[in-house]
**Q** 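Below is one structure. I have some questions about it.
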There are 2 protein chains.
Amino acid sequence: MSNRREDGAAGVTEADAGGGAQGGGLTGGPAGGPAGGPAGVSAGDAHLAHRVPELGALQLLLAVARLGSLGRAAAELGISQPAASSRVRAMERQLGVGLVERSPRGSRLTDAGVLVTDWARRVVEAAEAFDAGAQALRDRRDSRLRVAASMTVAEYLLPGWLIALRRERPDTAVSLLSGNSAAVVERLLADEADLGFVEGLTAPRGLRGAVVARDRLVVVVGPDHPWARRRTPLAPAELAATALILREEGSGTREVLDAALAEHGGLAAPLLELTSTTALKAAVASGAGPAVLSELAVAEELAAHRLIQIPVEGVDLRRALRAVWRSGQRPTGPGRDLLSLTRRVQ
Amino acid sequence: MSNRREDGAAGVTEADAGGGAQGGGLTGGPAGGPAGGPAGVSAGDAHLAHRVPELGALQLLLAVARLGSLGRAAAELGISQPAASSRVRAMERQLGVGLVERSPRGSRLTDAGVLVTDWARRVVEAAEAFDAGAQALRDRRDSRLRVAASMTVAEYLLPGWLIALRRERPDTAVSLLSGNSAAVVERLLADEADLGFVEGLTAPRGLRGAVVARDRLVVVVGPDHPWARRRTPLAPAELAATALILREEGSGTREVLDAALAEHGGLAAPLLELTSTTALKAAVASGAGPAVLSELAVAEELAAHRLIQIPVEGVDLRRALRAVWRSGQRPTGPGRDLLSLTRRVQ
DNA sequence: ATGAGGGCATAAGCTGGAGTTATGAGCAAC
DNA sequence: GTTGCTCATAACTCCAGCTTATGCCCTCAT
């Protein structure tokens with residue numbers, strides 16, 4: 001962990017965070033999702049931004065790791081070498097840990113740097129998803145592919161698709177309209193969109209479509225709810241008889257749930273009605289009661305055990321996710337590319 | 001989407017991105033992980049940081065969404081109300097989309113704002129994990145709980161635990177040492193750490209421990225690899241006979257794999273040996289060949305289909321993740337808190 | 001040996017973004 | 001009408017980060 005810096009004040013180079021090189025990694029954890037996800041963003045530390053380097057710095061760190069040189073990393077990001085040097089040093093001072101081992105032959109990450117870089121990668125990946133989505137939201141009219149997607153698809157799936165699409169067809173400009181399924185259908189019929197994505201039990205009338213994925217609704221409760229300690233699956237009638245926290249009337253999730261429980265007595269009067277999935281999850285997590293949500297919407301919370309999934313027996317809560325288009329307007333060009341992507345990248 | 005702003009130049013307030021309120025969300029997707037994850041960070045767009053608002057702005061947006069007022073959000077982040085106002089406006093200009101509907105009675109998110117805020121939440125959550133990890137890396141000697149963890153635990157699991165711990169015991173300062181399993185054991189025996197986390201088949205000699213989770217090694221290939229189209233599970237002998245991309249000798253993953261395949265003829269000579277999990281995943285994704293990695297390390301890549309998991313029959317590739325401590329030094333106080341967390345938050 | 005080249009650090013100067021305080025305007029409820 | 005909440009604008013300040021210019025150190029090749 002030698003470091004050429006000799007000045008007193010500046011660099012706190014504690015660097016090495018452990019024994020050997022990262023050779024002996026044995027790893028552990030449960031099956032399924034990306035465990036250990038961060039807890040929810042509630043009130044949260046106000047000064048997070050002061051303790052986490054900004055995106056440019058994190059990207060720079062990734063570039064240094066990949067290219068093995070501050071100078072080359074600087075070039076890739078389009079800044080000067082001294083700027084890169086100073087940014088990395090600022091980051092090291094901010095974190096209180098040496099990240100990069102400089103040598104006249106280049107730069108390598110320290111052990112701590114490897115760890116920090118891995119955490120940084122997650123932030124940058126989230127930022128890329130943000131960017132992909134936001135860009136589609138901006139490029140409104142003048143884009144080659146106009147996509148209309150339901151809220152949840154737009155939120156959870158589309159950014160990943162767009163990144164993959166950009167990787168294969170960098171010149172494709174995509175614009176995104178998002179609303180409920182009815183709005184998606186409307187946009188397609190009005191020729192304001194080329195390709196739509198909706199969820200539901202059946203394909204919308206007047207449109208052609210293809211199932212690109214499946215989804216399931218799950219019953220979730222907060223960790224302190226009595227159900228969280230249940231061992232036996234929930235009976236449909238029991239679910240139907242329970243007051244749930246629900247999205248407002250007209251929500252697709254609620255519709256599907258209604259249909260599934262119709263033969264078991266129908267939904268009980270709701271315990272609470274909320275308008276956003278986020279608010280709903282927060283209410284459930286804080287113990288207000290059980291809710292039924294898309295698996296997709298609660299994957300992170302389940303992995304971090306902020307929410308507990310309760311198995312239900314004897315009810316089919318699966319739904320299809322469909323790509324849809326106007327009859328006779330089977331997608332070509334960029335639309336076809338995106339469509340084929342959705343079959344590979346879920 | 002009324003907006004009080006009247007000046008010409010400044011605000012591009014395209015705002016609304018869809019039909020109705022976000023009521024009709026029907027949702028879809030496959031089982032398992034957080035699908036639709038972003039693609040890997042390779043060369044990446046240089047100017048990502050110019051297109052994505054910085055963390056403080058994203059946090060501000062979340063606060064506005066939660067509190068319903070720019071002023072209150074500003075107060076929570078410890079900045080003045082005009083600063084918040086200007087930041088949000090800058091963000092709207094940057095993204096080219098109206099995010100917040102201002103009114104004399106407060107502020108609400110627009111439809112597009114809801115979407116953007118959800119994407120922003122992911123970035124902020126990743127940043128919180130970064131912060132939790134980095135803080136533990138810094139607070140070296142003077143902390144109340146000194147944790148030693150193997151590289152992979154430190155990378156994938158610990159940040160989540162630390163966030164949860166901070167939630168319950170805000171005053172607990174944790175320091176993190178990370179290295180291979182041997183180094184972790186060494187630190188514990190030298191009384192330089194209070195609690196350790198290692199993966200492996202058996203508990204280390206001289207230490208007490210408890211299994212806190214389980215993990216599995218999985219065989220993965222790039223999407224273009226012939227195996228990706230396979231329908232039948234891999235036979236152990238077939239896996240053993242195949243040249244794989246592996247971590248260097250001494251890696252825990254390699255050790256476990258070696259043990260599991262011993263009775264099937266032992267590992268073939270490696271196709272390639274790499275020193276970091278990241279480099280390994282990149283090599284596999286680009287089609288260099290198959291590799292065996294912790295489920296934990298490839299969860300995101302599997303979800304985004306950048307890597308394909310190949311089932312293997314007849315070999316047990318599971319491992320235990322253990323918390324360990326010195327005999328007679330059963331963790332108390334903060335250590336006990338963390339330990340009990342690991343059983344709930346995976 | 002000795003010079004060329006790559007890599008990083010330092011120094012000095014500039015610029016712009018983001019913050020601050022002070023103030024005004026719109027709307028609601030009392 | 002007045003009080004109180006909201007947000008917007010204006011003028012000013014200041015610091016963070018960039019750039020260019022330069023120097024040192026090390027390695028490698030001649």
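Throughout, a chain's letter reflects where its sequence line sits, starting with A, and its residues are numbered from 1.
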**Q** Under the side-chain hydrogen bond (donor to acceptor under 3.5 Å, both in side chains) test, which residues partner E155(A), sequence neighbours left out?
**A**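 So E155(A) forms no side-chain hydrogen bond (donor to acceptor under 3.5 Å, both in side chains) with any residue.
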**Q** Please name all residues satisfying side-chain contact (heavy atoms from CB on, under 4.5 Å) with R72(B), sequence neighbours left out, ordered by chain then number.
**A**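 R72(B) satisfies side-chain contact (heavy atoms from CB on, under 4.5 Å) with L67(B), S69(B) once adjacent residues are dropped.
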**Q** Sequence neighbours excluded, which residues qualify as side-chain contact (heavy atoms from CB on, under 4.5 Å) partners of A282(B)?
**A**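 None.
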**Q** Do K281(B) and E300(B) sit within salt-bridge range, that is, some charged N less than 4.0 Å from a carboxylate O?
**A**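 No.
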**Q** With salt bridge (charged side-chain N to carboxylate O under 4.0 Å, His left out) as the rule and sequence neighbours excluded, what pairs involving residues 53-64 of chain B come up?
**A**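 Passing the test, one end in residues 53-64 of chain B: E54(B)-R87(B).
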**Q** Send over the distance from L70(B) CG to dT9(D) P, rounded to a whole Å.
**A**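 That distance rounds to 12 Å.
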**Q** Test of understanding: with side-chain hydrogen bond (donor to acceptor under 3.5 Å, both in side chains), list the residues that count as partners of E192(B), not counting sequence neighbours.
**A**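 Scan of E192(B) (side-chain hydrogen bond (donor to acceptor under 3.5 Å, both in side chains), adjacent residues dropped) gives R187(B).
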**Q** Taking only residues two or more places apart in sequence or in another chain, which ones pass side-chain contact (heavy atoms from CB on, under 4.5 Å) with S80(B)?
**A**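 For S80(B) the side-chain contact (heavy atoms from CB on, under 4.5 Å) partners, ignoring immediate neighbours, are P82(B), A83(B).
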**Q** List the protein contact pattern of nucleotides 14-19 of chain D with one symbol per nucleotide (5' to 3'): B for base contact, S for sugar-phosphate-only contact, - for none; contact means a heavy-atom distance under 4.0 Å.
**A** ----SB
**Q** So, is R102(B) near the phosphate of dA8(D), with a side-chain N or O under 4.0 Å from OP1 or OP2?
**A**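 For R102(B), the contact criterion (side-chain N or O under 4.0 Å from OP1 or OP2 of dA8(D)) is met.
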**Q** Side chain of S85(A) only, heavy atoms from C-beta on: which candidate in dC7(D), dA9(C), dC8(C) is closest?
**A**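 Of the options given, the side chain of S85(A) lies nearest dA9(C).
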**Q** For the helix from dA1(C)-dT30(D) to dC30(C)-dG1(D), how many degrees between its two end axes (five pairs per end), to the nearest 10°?
**A**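 Taking five pairs per end, the axes differ by 20°.
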**Q** Please state how far atom CZ in R108(A) lies from atom P in dG7(C), giving the value in whole angstrom units.
**A**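 Taking atom P of dG7(C) as the reference, CZ of R108(A) is at 16 Å.
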**Q** For L77(B) and dA18(C), what is the distance between atoms CG and P respectively, to the nearest whole Å?
**A**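 After rounding, the gap between these two atoms is 15 Å.
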**Q** Report yes if at least one side-chain N or O of S107(A) is closer than 4.0 Å to OP1 or OP2 of dC8(C); otherwise report no.
**A**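 For dC8(C), OP1/OP2 do have a side-chain N/O of S107(A) under 4.0 Å.
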**Q** List in chain and number order the residues that pass side-chain hydrogen bond (donor to acceptor under 3.5 Å, both in side chains) with D118(B), two or more places apart in sequence or in another chain; answer none if no residue qualifies.
**A**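 Result, side-chain hydrogen bond (donor to acceptor under 3.5 Å, both in side chains) vs D118(B): T278(A), R121(B).
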**Q** Taking side-chain hydrogen bond (donor to acceptor under 3.5 Å, both in side chains) as the test, write out the residues that go with S85(A), two or more places apart.
**A**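 side-chain hydrogen bond (donor to acceptor under 3.5 Å, both in side chains) list for S85(A), sorted by chain: R89(A).
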**Q** Can you find a heavy atom in the side chain of W119(B) that is under 4.5 Å from one in the side chain of L158(A)?
**A**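 No. Closest side-chain heavy atoms not under 4.5 Å.
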**Q** Show the distances under 3.5 angstrom between N or O atoms of the protein and N or O atoms of nucleotides 1-6 of chain C.
**A**
none

**Q** Restricting to salt bridge (charged side-chain N to carboxylate O under 4.0 Å, His left out), what partner residues turn up for R169(B), sequence neighbours left out?
**A**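 By the salt bridge (charged side-chain N to carboxylate O under 4.0 Å, His left out) rule, R169(B) matches D337(B).
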**Q** Distance check: side-chain N/O of R89(A) vs OP1/OP2 of dT10(C), anything under 4.0 Å?
**A**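 True: R89(A) side-chain N/O within range (under 4.0 Å) of dT10(C) OP1/OP2.
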